[in-house]
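Presented below is the structure to which this report refers.
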2 protein chains.
Amino acid sequence: MPNPVSASADTPIVHVVDDDAPLAAALDSLFRSIGLQTRTYGSAQAFLEAKKPDLPGCLVLDVRLPGVSGLDFQAQLDEMGIGLPVILMTGHGDIPMSVRGMKAGAVDFLAKPFRDQDLLDAVSIAIERDRARRAAAESDADLQARYETLSPRERQVMALVVAGKMNKQVAWDLELSEITVKIHRGSAMRKMKARTLPDLVRMAGSLKIPAQ
Amino acid sequence: MPNPVSASADTPIVHVVDDDAPLAAALDSLFRSIGLQTRTYGSAQAFLEAKKPDLPGCLVLDVRLPGVSGLDFQAQLDEMGIGLPVILMTGHGDIPMSVRGMKAGAVDFLAKPFRDQDLLDAVSIAIERDRARRAAAESDADLQARYETLSPRERQVMALVVAGKMNKQVAWDLELSEITVKIHRGSAMRKMKARTLPDLVRMAGSLKIPAQ
DNA sequence: ACCCGGCTCATCCCATGGTATGGGGTGATG
DNA sequence: CATCACCCCATACCATGGGATGAGCCGGGT
C-alpha cells in the first residue's frame, strides 16, 4: 500500500549531519513530513563512509561537529568533488563564520533557533540546485565519454576544424594529406554523434576545447 | 609631477557609501594609501546621482544608511543593472543580515570593527571581479551591436544556419530560394565579422540564440 | 522624382566538404 | 600468427558552400 506522503521511491534525499541526536530526529521527521527521504549521520566521518544512493539531494550540516569543523568539512567535500549543495546550521555562530560558509558556496546559513519553514525553503532550493547540477554533470559526462573514444589524431583534427580551419589548412598544419583529414574529421563527427558542424562546435565548447 | 603612490589616471575607483563622515574619511585615506581612487557619498541617493567614471571599481556600502537599508539598496542596484561588486559593512549586524547580503552577491560582509587588511583583501577581489565583468560586458556589447545591424531576414537565416541546417533546408523553412539564403548568409557573416562558420556559432552562443 | 536598402531570384563557376572504394604500413594483443 | 585499431594516402564522384553578375520589386526618405 502506498504511503500517505509518498516517499522511498526516487524522491530526493536530505542528508543530515549533526551530533545532536534529538535534533537530528526532529529534522528527520520534518523532512519526511513533506515527502523527502532523509539520512542522518552523527559525524562527518559517518557521512563519508556511508554509501549514498544516486539521487538528487542536499546536505544539512551543523557547523559544530565532533572532530572537524563544519566549515572545514564543507571545503573538504568540495575538494573531493562531492558537489552536493550544503545548508549550514549553527547554534553559536557569528558573522565571519556565516560569511565564510556562504563564500564557500553554502545555499544558506541558519542560526538556531530558526523557523522550520526557513529550513524547508533552503532545502527546496538546494535540491533544485542539485537537480540542475546533476543534469549538467550527466550530459557533460556523456560528452566526455564520447570524446574519449576519439583517437589522438581525431582529436587534433577536431580541434582545428572547430577552430574554423579548412580541411586543407588542417592538412598543412598536421602535415597530412587533405583526404586523411577528411577521414579523421568524419570519424570524429560520427564518434561524437554530431550531426552537423555547429553541433560539433558546441560540443567542443562544452568540453572547453580552446577555440583557436 | 607624478604622485608618489600613483593615482588619478585610470586606476580603479572605490566608491564608499557611509553616512559616518569620519569613518568614510578614514577609508578614503586607507584606499588612497594603496594607490586606489576613492569617492565617498553620504547616502545611497548621493551615489546614484553622482556621475561615475567608466573605470573598474567596487562599492563599499554600510548596511545602515539614512533612508534605504544597505541591503535593499544592493538589490536596487541589481535591478538597475549596475553590476558594480559590493562589499557590505555593518556595526550592528546579525547572521541573517549577512546571509542575505551574501546571497544577493556581495563580495564580502564585514562586521565592524574589522582589520584594514580584511577590507583591502575584499576590495582587491571585488575590483578583479569587476574587471572581468567589464571585459565580458564589453565584448558582449560589441557582439550585440554587430548583431543589431543584421536585417530581420539575415537573423532568421543566421539562426537556422547556426542550428546546423543546410542552405537548402533553410530555404525550405523560410520559403525562399537557396540562392537568397546564400546571400543572407553571406551578409550575416560579413556583418558579424565571422570569418568562419564555427566563429558564427560561437557568437550565436554568446548572444544566447537558442540552438535549434 | 529619385535613390537607397532590404528582399527576392537566376545562371555560372569554382572551392570545399563528404563518402565510398581500395590500398598499404605499424604496433599491440590474444 | 592472426587480428585489430590506428595511421596514412589515392582516385572518383557528388553535394554543398560561396562569390560574381545581373535583375526586379518594394517602401522610406531627400
Side-chain angles (χ1 to χ4, degrees), chain A residues 142-207 209-212, chain B residues 142-207 209-212:
Chain A
D142 244 55
L143 213 57
Q144 191 65 41
R146 274 173 297 176
Y147 184 64
E148 267 153 20
T149 69
L150 297 197
S151 72
R153 269 305 197 211
E154 286 159 354
R155 280 175 223 195
Q156 293 178 332
V157 170
M158 172 172 163
L160 295 174
V161 164
V162 154
K165 306 219 182 202
M166 290 183 306
N167 290 340
K168 197 192 296 190
Q169 301 174 301
V170 175
W172 199 87
D173 283 5
L174 301 180
E175 295 181 307
L176 292 176
S177 121
E178 188 181 338
I179 194 70
T180 305
V181 172
K182 286 185 180 183
I183 292 172
H184 288 315
R185 179 176 183 154
S187 334
M189 292 285 287
R190 265 185 301 279
K191 290 189 182 175
M192 294 300 290
K193 295 195 204 294
R195 256 186 59 267
T196 68
L197 179 55
D199 289 341
L200 193 70
V201 172
R202 278 182 284 269
M203 290 179 188
S206 300
L207 289 167
I209 290 174
Q212 199 179 159
Chain B
D142 245 56
L143 213 58
Q144 190 66 39
R146 276 174 302 184
Y147 184 64
E148 268 152 19
T149 68
L150 296 197
S151 72
R153 270 304 198 210
E154 285 160 356
R155 280 176 223 195
Q156 292 178 334
V157 170
M158 173 172 162
L160 294 174
V161 164
V162 153
K165 306 221 183 202
M166 290 183 306
N167 289 340
K168 197 191 298 190
Q169 301 175 299
V170 175
W172 199 87
D173 283 6
L174 300 180
E175 295 181 307
L176 292 176
S177 122
E178 190 180 337
I179 294 89
T180 306
V181 172
K182 286 187 183 182
I183 291 173
H184 289 314
R185 179 176 183 155
S187 328
M189 292 284 287
R190 264 185 301 280
K191 290 188 183 177
M192 296 299 292
K193 296 195 203 292
R195 257 187 56 268
T196 68
L197 179 56
D199 288 341
L200 193 70
V201 172
R202 277 182 285 267
M203 290 179 187
S206 301
L207 288 167
I209 290 175
Q212 199 179 157

Give every pair of a protein N or O atom and an N or O atom of nucleotides 5-8 of chain D that lie under 3.5 Å apart, one pair per line with the distance.
residue	atom	partner	partner atom	Å
dC7(D)	OP1	Arg153(A)	N	3.2
dC7(D)	OP2	Ser151(A)	OG	2.2
dC8(D)	OP1	Arg153(A)	NE	2.7
dC8(D)	OP1	Arg153(A)	NH2	2.5
dC8(D)	OP2	Arg153(A)	NE	3.0
dC8(D)	OP2	His184(A)	NE2	2.9

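- Between the CE atom of Met166(A) and the C1' atom of dT16(D) there is a distance of 15 Å, given to the nearest Å.
- Rounded to an integer number of Å, the gap from CZ of Arg185(A) to C1' of dT16(D) is 12 Å.
- As a whole-Å value, the separation of Met158(B) CE from dC7(C) P is 15 Å.
- For residues 145-158 of chain B, the set of pairs meeting the salt bridge (Lys or Arg N to Asp or Glu O under 4.0 Å) definition, not counting sequence neighbours, comprises Glu154(B)-Lys191(B).
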Decide side chain to side chain contact (heavy atoms under 4.5 Å, CB included) for Gln144(B) and Leu207(B); before the verdict, give the C-alpha distance in whole Å, the side-chain angles of both, and the deciding distance to 0.1 Å.
CA-CA 7 Å; Gln144(B) 190 66 39; Leu207(B) 288 167; 3.2 Å; yes
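- Rounded to an integer number of Å, the gap from Met189(A) CE to dG18(C) C1' is 10 Å.
- Taking the side chain as every heavy atom from C-beta outward, Leu160(A) and Gln169(A) never approach each other to under 4.5 Å.
- Within the 4.0 Å cut-off from OP1 or OP2 of dA15(D), not a single side-chain nitrogen or oxygen of Lys168(B) is found.
- Within the 4.0 Å cut-off from OP1 or OP2 of dT16(D), not a single side-chain nitrogen or oxygen of Asn167(B) is found.
- In this structure, CD of Gln156(B) is placed 13 Å from C1' of dG6(C), rounded to the nearest angstrom.
- The nearest whole Å value for the distance from the CD1 atom in Ile179(A) to the P atom in dC13(D) is 14 Å.
- Residue pairs meeting the side-chain hydrogen bond (donor to acceptor under 3.5 Å, both in side chains) criterion with at least one member in residues 176-189 of chain B, sequence neighbours excluded, are Asn167(B)-Arg185(B).
- As a whole-Å value, the separation of Leu197(A) CG from dT16(D) C1' is 13 Å.
- The side-chain hydrogen bond (donor to acceptor under 3.5 Å, both in side chains) test applied to Asp142(A) returns no partner, not counting sequence neighbours.
- Each end of the helix from dA1(C)-dT30(D) to dG30(C)-dC1(D) gets its own rotation axis from five pairs of C1' atoms, and the angle between them is 30° to the nearest 10 degrees.
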